Amino acid sequence: MALSERALKIIARYNKTDDVIDTTKKFVYEMLEPTPDRGDMLYRYEHSVRVAENGKVIATSEGLPVTDMAVACLLHDVGYRECGDDWPSHPQMSADIAREYLARIDYDPDMAKEIVQGISRHNLTDKLPEDMSIFQMTIRDSDDIDRFDIIRTAMAMGSSVHEKTNVEIIESCNKQIEIARWMMTLKRGTQTAKTMMDKELTQRIELLEQIIAQANKGFSY
Ligand SMILES: [Fe+2]
Ligand SMILES: [Fe+2]
């Protein structure tokens, strides 16, 4: 995808650095640019930092390169603002921005390629390309772990119950449980990621089941 003038201008301000994680954080913040009209970009930035933390945990326990993983995770959603309303194109946009940025800061070319490919594939669910490496899958796993953590669970549960009737609550929670169970069946790159993901999903399912049980009490009068 062609990069905008804005993106190219921001990338041009960056150079080789001693602290690549800190520099990449600044770059992602600048690219997402949380402003009052796009408050969701601050959420996106904080999500990216949490994903990087997940990536570090997995990389450390699985012997993957920790700094490269943190950089990849930080950059995985960097193209969100540039996509405007075309949300589904964000993995490719983020990959294209990451490619330019990593070249600009003189990143190891082989690792840069791996990071870029992993970012472009981070939204894949059940149909994974055969050549998707453990490193690449870990970017996507780290993202999924945050997408199903307790913060997102609270968000999902909020909309499942807010001013809803018992019937609606039960239906909505059952749908969420179905999604969580499906997520549990997806292939993960590592055992560490699988364990982390299962923990989040189990917690989510348990909470949803408690809500369903509570809503069912409404039928007993
Ligand atoms: Fe994403
Ligand atoms: Fe993400």
Side-chain angles (χ1 to χ4, degrees), residues 1 3-4 7 10 21 24-34 38-59 64 66 68-102 112 114-129 132-156 159 176 179-180 182-184 186-190 192-194 196-201 204:
M1 298 171 103
L3 300 195
S4 70
I10 295 173
I21 294 181
T24 303
K25 266 190 199 167
K26 288 196 182 103
F27 173 66
V28 172
Y29 191 87
E30 223 184 323
M31 281 303 306
L32 293 175
E33 199 190 345
R38 289 305 300 270
D40 58 314
M41 289 298 135
L42 185 55
Y43 172 83
R44 192 56 45 193
Y45 173 74
E46 292 177 342
H47 157 72
S48 303
V49 173
R50 291 195 300 264
V51 172
E53 290 306 309
N54 293 339
K56 279 194 214 167
V57 171
I58 299 170
L64 296 165
V66 179
D68 297 326
M69 185 59 68
V71 168
C73 290
L74 284 170
L75 290 169
H76 86 284
D77 277 343
V78 71
Y80 241 87
R81 183 185 254 274
E82 289 289 312
C83 286
D85 294 331
D86 184 18
W87 173 85
S89 73
H90 87 274
Q92 195 51 53
M93 177 63 86
S94 300
D96 292 341
I97 292 170
R99 184 185 295 110
E100 288 293 317
Y101 165 75
L102 293 171
E114 179 76 343
I115 292 173
V116 169
Q117 188 156 51
I119 292 174
S120 74
R121 293 169 161 179
H122 83 260
N123 257 30
L124 300 180
T125 53
D126 45 352
K127 289 181 190 72
L128 303 180
M132 192 160 173
S133 64
I134 301 291
F135 184 92
Q136 292 178 26
M137 285 175 76
T138 302
I139 302 171
R140 166 255 203 188
D141 294 348
S142 303
D143 184 33
D144 279 351
I145 293 162
D146 191 69
R147 290 175 54 231
F148 284 84
D149 81 338
I150 191 70
I151 295 177
R152 287 281 186 105
T153 293
M155 280 160 67
S159 48
Q176 302 260 11
I179 295 168
W182 173 72
M183 286 300 294
M184 240 181 215
L186 299 186
K187 187 170 158 42
R188 297 290 157 199
T190 60
T192 306
K194 170 92 183 122
M196 288 166 79
M197 193 66 194
D198 283 355
K199 185 180 149 261
E200 302 297 347
L201 292 169
R204 179 179 289 214

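Any value given below was found using the heavy atoms of this structure, including those in side chains, with hydrogens, waters and symmetry copies removed. Residue numbers start at 1 and run along the sequence shown. What you see is a predicted model; the values in this text were computed from it and never measured. Each ligand, and each atom within it, is numbered from 1 in the order the structure gives.
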### Query
When you look at Asp86 and Ser89, which way does the side chain to side chain donor-acceptor pair (under 3.5 Å) test go after all the steps?
CA-CA 6 Å; Asp86 184 18; Ser89 73; 3.0 Å; yes
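- Between the Fe ion (ligand 2) and Asp143 there is an N/O/S contact shorter than 2.8 Å.
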### Message
I'd like to know whether Thr153 forms a side chain to side chain donor-acceptor pair (under 3.5 Å) with Glu200, so could you lay out the CA-CA distance, the side-chain angles of the two residues, the decisive distance to 0.1 Å, and finally the verdict.
### Response
CA-CA 9 Å; Thr153 293; Glu200 302 297 347; 5.9 Å; no
### Task
Report the C-alpha distance between His76 and His90 in whole Å, list the side-chain angles of each, state the deciding distance to 0.1 Å, and finish with yes or no for ring-ring contact (aromatic ring centres under 6.0 Å, His included).
CA-CA 9 Å; His76 86 284; His90 87 274; 7.5 Å; no
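- Contact annotation: His122 places no N, O or S atom under 2.8 Å from the Fe ion (ligand 2).
- Under a 4.0 Å N-O distance rule, the pair Arg188/Asp144 qualifies as a salt bridge.
- To the nearest 10 degrees, the Fe ion (ligand 2) sees NE2 of His47 and NE2 of His76 at an angle of 100°.
- Restricting Asp77 to its N/O/S atoms, the shortest distance to the Fe ion (ligand 1) is reached by OD1.
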